[in-house]
Amino acid sequence: MKSFWRIFLVLSIVVLMFSMSFGATYDRSKTLVAGGGLWNTPTNWNPFTPWNATTGTVGLVYETLFTYDPLTDNLRPWLAEKGEWVSDSEYLITLRKGITWVDGNTFDANDVYFTFDISRKYELSYSNIWNYISDVQIVSKYEVKIIFKESRYHEWSYFLYQQPIMPHHVWENMSQSELLETANKYPMGTGMYKYESVGADRMVWVRNDNWWGNSLFGKPGPERIVYMQISGNNVALGMLMKGELDVSNFFIPGVPKIKSFYGLETYYKDAPYMLPENVAILFMDDNKEPMNDSNFRRAVAFAIDTKMIADKVYESQVQPAGPTGLIPIDSWKSYVDTKTETDYGFSFNPAKAKQILAENGYKDINKDGFVETPEGKTISLELIVPNGWTDWMEAAKIMATGLRNVGINVTAKFPDYSVFLSLRQKGGFDMLIDNASSSVSRTPWTYWNWVASNRIYTDEITAGNWGRYENKDLFQKIVDFNFAKDGSAESKKIAAEIEKTLLEDMPSVPLWYNGMWFQASTAYWTNYPTEENPVGYPSTWGGKWQIGGLDMLINLKPVK
Amino acid sequence: MSFIDKLKKNDNLYFALRNKKVIIGAVIFLALLITALIGPIIAPYDYEEFAGAPYANPSFQHLMGTSIFGRDVFSQVLYGLRSTFVVGFVGGTLGTVIGLIIGFFAGYRSGSMLDEILMMMTNILLVIPTIALLIILSAYLPYRGVITQSMIIGFTSWPWVARAVRSQTLSLRNKEFVNLSRISGASTFKIIKDDIAYNMFSYVFMVYILQFAGAILTSVSLDFIGLGPTKGISLGLIMQDAVNWNAIQLGMWWWAILPGVVLTVLVTSLYFINTGLDEVFNPTLREM
Amino acid sequence: MTEKILDVKDLKLYYKTLKGYVKAIDGINFDIKRGEILGIAGESGCGKSTLGNGLILLKKPLNYISGQANLNGKNIMNLKNKEMNTLRFKDISIIPQFAMDAFSPTKKIKTFISDIVSQHNINPDEKFFDKVRERLDMVNLNHSVLNNYSIELSGGMKQRLVMVISTLLDPELLICDEVTSALDVSSQRFVANMIGDFRDKKIIGSAIFITHDLSILYQIADRIMVMYAGHIAEIADSDTIVKNPKHPYTKALISSLPKNDVQYKDEQLSGIDGTPPNLLNIGEGCRFRFRCKYATDICAKQTPVQEEISSGHTLACWNYKKAGSDKNV
Amino acid sequence: MSETIMKIDHLQKDFSIGLMSKKKVHAVNDVSFDIKKGEIISLIGESGSGKTTIGKLILRLLRPSDGHIYYNDKDITTDYKNKRDYYKKVQGIFQDPFASFNPLFKIDRIFDMIFKNFIESDKNKKEKINDALKCVGMNPEFILRKYPHQLSGGQLQRLLIARALIMDVDVLVADELISMLDASTRIDVLNLLASICKEKGMAVLFVTHDLSLGYYISDTTLIMHRGNLVEKGKTSLIYNNPVHPYTQMLLKSIPDIGKRWDKNEKFLPEDINKKIDDFYKNSDIKKGFIEVEDDHKVLFSL
């Protein structure tokens, strides 16, 4: 008994200290509590390894030359005042004047030069830009010129709002390994927020009141952002209901049903509630029978009831994908060739699926209810999604049922994520669903470059095209598209050809547009981005602040 | 001799059939077992079928309501109960049998090197949590079915059976009737069979019941933290689904709670049988 | 010597089982006077331990059916457990069978004692332990045993410790249930004598000494009560019981005991044929009649009543006169 | 009464404490005695004296650490494997009659086992059993085909005696045979045992802690103390003229019915060890196990 009390006492002291050190309470009316983009205790703020960095490191602290708003297709100068192609192979960046780093140093061309130059010197995540640029030059204190070997217009436009600029006076003397391995605690940037503190389950950012953009764009509403690590969507929902969480970027079942009871906002008031963010795609292994037959693959496409998935699994929080898979945002929509879509597109049509199968020799020979290959081999396929990805598991079950209904024997299976990853990268699966790099962007090139990536000639692949669909002609067209100026007639022509090939050959099937999951509580903040008030793309995920998250912060207004 | 007289001659059976706890437990258990066996026949829907409107309260059409997708929870429970029984039978049997064999040999050869080694193994396994083992195993197994899960539970749950059986064997081995058999020229095998194994039967039977219940509970907790079967359905998976899909926050108590109630009833029935049998086998507790 | 500490009247204590009642104590009458040691003897299952335990704590499945057990004039059978708690240890205490196995192996004796008395709202301070040491002296135990663990002590030492602990509050009545049975002969004598010592020094008021071993009882008990199958056969002072028993059962029992001058090759003692009856749902009648050679019709029909045949000598037998005249039992 | 059938020769049994430990306990230390045909020997000692161990050694349920046991001049400690012939003639009965029967089987099993393993033909099996049961005073009809829990302790012990009868054994080790029995029945069991000895010439090693019963039944008495045999000889000699202080103390502490203990005598069991030590120290004239009179030996020093 005595020892019990002793343990109890020690525990309570520990708990108390824990809550004192991390549970500092902030004035809620000046604090934004967010969640959905933090899955571990924050331990890294290194902009050179953005995939490890705590959300906000890029965007809130380190800023990019441009930002991008997918709602308006606006590539907006941010650190840059402007950027333009001064010739076919030269891009001149003019920087804003009067920007300082938080430590008081002036932000200027040297920092931009450093950011480019360091990736030439060292092997960094963005060093591949040196595949197509040949030099970077300081023109003046606020002007930098990039010289191109190859004018990859599309890739470049994406890079402009992806790459944060680093302060050269902090980083220039570091070795490659130092640069890549530092946790960079207390990151020092030019951005609207600064590192304040960190807890086991949270990251606290405090507003930089001297931010250079206050006069240009407006001062961000929240004095602090407490970014919570929330273990799952059910916890997030509970917090939203109680007003403990202001902005959630989780997929939360039931939101359509209850949002009005708890004063929750979503981007659209009614279905589809969420903006589209990326495309869930069905990949089929092109090196295996019968998935190596494009007719079979087309039949599969016709057999999937994506509307049912959207309605049942997502309660209409997502939209079924169009045949091209291109998300209907301006930058991608403008490249959809409607004629190609009509001529070669597909939709849920079991009869058509059966017809395609029958026409191409897939018949049920052994009368087990499922078709065999034209050579008479039985077909028994697995459709895999990671175990625990509950929405996809449900979707996969519906897909498998649909496929079985047209005579294709498919079972939905749920390996653990590590097993899934290994199968995805090394091959050996039959069918899988993935959405890894299909996010909205400045250009559909990012989508095609992933869904039909030409980097498939290694044992392990990481760049997409998981089915290892090989079509050199298509690969070349995607390269050509990159070289064609955005919006040019040529680029549209190439886009139509790419779409045609993908639809005819159907190496992968676009399924639905995963949402930019966003639910906001109006307990403390208002003026969130919505359909009527499209002030930003409401994302707080790592790497997405500069495509609208920053705008959301600038526009937030306290309730009181 | 009438049936009742015959019954009275077999004390254990006689008292078991007079023990309210055993009767109640057994009736519930058998009812659930039968339900599980004929589940797919009486289930109004398939467990993956979108049977009706989502968010539906329990009604005559959906005895346990529907899930967020409109699946019939009652049908899911009927199917899930089967897997739960499979886990209990396979996991419980495996755990008991392994524990029995190891505990038996360790006990019969107590003090020997064999005993030391077996017990060291047992003690090591005893402190390694099942969950840790499962996490490691899951990296090697692409999928886990109900059977795989049951086997894993069985292979990790035997140590305490082994310890208990060892001490039982040890105490039986020192009983004087063992010595009497020895000086009566009985073979070692016969002594092990008649004098030790038979006398452990009631004990082992109770251990088995506890293992059965334990396997079910372990499977549910594994299901719940996402280490459950990656295919099929079980009561644990239904509950995990309910939690994952916010049934509690969304007020769908029937989805989250009713499968749990069924499970609780099942496990409780086993504990009823167990405590009841404890009274039956242990004459000092026979009175009620 | 006339004040009755315990007065038991027609007491019935039955075990309730699924098959019916086991009539373990079935209408017994006796009393204990202050300063007296009453020995209770009988074969296993005769109800002697049931009686001892029943007086202290009625625990299921043992049920109180009827009758009285008046401790200092108060019927303790009707007391609620809470009220009984205030009496236990202080007014009535017990050394149960196997008590010496009850020591916790992980606790030092001193801690063990502290824990026990704390439960009875006694502060185990040094003053208290001074008293404990005083008592240890009395039973010839070294003070250092307090710092020992129970496994370091022999059975006899443990039994003496139990004795000290259960009499710390100077109980009026101490019930000793088979306290010598598990001991070696050499310890038996000391422990048995201790009971008498404690009584003489007025540490305990009086005692009930339960054992199956009549020869031990003869050494220490003032009076002996012989029980058979839930009934009392005979109560008398110990010399009378041993040398001039009247009840056929007592006679047979005494004559079956080995004497220090009888060897098999010279003279053969004899036991009692048969076994005690099953007490489950047993009916009327003398329960010894199945083994009794004087049994007549009445023995099967009517339970013999306890009858005081001379001062302080009570027995329950229809035919004791016939038996009494028979020398060759 | 003179033919020696079993010879216990410098028997030693050590138990090591724990598997790894080198510490040893001498459970039986250099014990020698003879068993003659038809003789009843009581082996008396308190708990832990090693008396039960000797019984188990003779029944070959334990292996001796040293010393020998000769049965009909054959050293049975060297051919440890061949037990069947030995068990035909040397048998045991154990302390707890209830624990001596496997509760799941009918009591007939103890007879079935011996018929199967020791007796060549099953011929007359039923008769032999019935005769033996009658001999121990039991009615076969009421006894056979019952389960152990349906019988009393006395009946069970008689069954075990009947079992030895059927086998017609030479030596019976009776370990605390009657200690679990009630006073009213124990004397009958003892009488039965003694009468069989006389009739059949069976020798009994009567292992007990009860001195008065030992006196009643035995011809020869052995007193054990902590693994050592401290006094042995004719029963009447030992009881009337105990020499070893331990024997003296034991005899003083038996409760004797009809004779009360001397209340004034300070009796402290703790004193005994000192007394024994003094006895050994002061007896320097006599060394070892020495005859003090005919058929009466005493241990004078270790």
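In what follows, chains carry the letters A, B, and so on, assigned in the order in which the sequence lines appear, proteins first and then strands, with residues in each chain numbered from 1.
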ask   = Charged N to carboxylate O below 4.0 Å: is that the case for Glu43(C) and Arg291(C)?
value = yes

query = If you draw a 6.0 Å radius around CZ in Arg133(C), do more than 12 non-hydrogen atoms from other residues or ligands fall strictly inside?
reply = yes

Taking every heavy-atom pair that is under 4.5 Å apart, which of [options] has the most such pairs with chain D?
options: Thr275(C), Val262(C), Asp273(C); result: Val262(C)
options: Leu257(C), Leu214(C), Asp239(C); result: Asp239(C)
options: Gly196(C), Ser186(C), Pro258(C); result: Ser186(C)
options: Ile216(C), Leu183(C), Leu217(C); result: Ile216(C)

message = Ring-plane angle category for Tyr239(D) and Tyr215(D), please: parallel below 30°, perpendicular beyond 60°, tilted otherwise.
response = tilted

message = Which label fits His247(C) and Tyr249(C): parallel for a plane angle under 30°, tilted from 30 to 60°, or perpendicular past 60°?
response = perpendicular

task = Decide yes or no on salt bridge (charged side-chain N to carboxylate O under 4.0 Å, His left out) for Glu234(C) and Lys246(C), but give the supporting numbers first.
result = CA-CA 8 Å; Glu234(C) 189 165 5; Lys246(C) 295 283 188 218; over 6 Å; no

query = Most heavy-atom pairs under 4.5 angstrom with chain C, which of Ser218(D), Gly48(D), Ser236(D), Ser47(D)?
reply = Ser47(D)

Region of Lys243(C) in contact with chain D, defined by heavy-atom distances below 4.5 Å = side chain

message = Please classify the contact between Val185(C) and chain D as side chain, backbone, both or neither, with a heavy-atom cut-off of under 4.5 Å.
response = both

task = Check the pair Arg186(D), Asp210(D) against side-chain contact (heavy atoms from CB on, under 4.5 Å), reporting the backbone distance first and the verdict last.
result = CA-CA 12 Å; Arg186(D) 60 166 63 155; Asp210(D) 192 320; 3.9 Å; yes

key: Gly47(C) versus Ile25(C), closest heavy-atom pair with distance   = O-CD1, 3.2 Å

remark   = The interface call for Lys252(D) against chain C, heavy-atom contacts under 4.5 Å, is both

query = Is it the backbone or the side chain of Leu190(D) that comes under 4.5 Å from a heavy atom of chain C, or both, or neither?
reply = neither

ask   = What residues of residues 146-160 of chain C sit under 4.5 Å from chain D when only non-hydrogen atoms are counted?
value = Met157(C), Arg160(C)

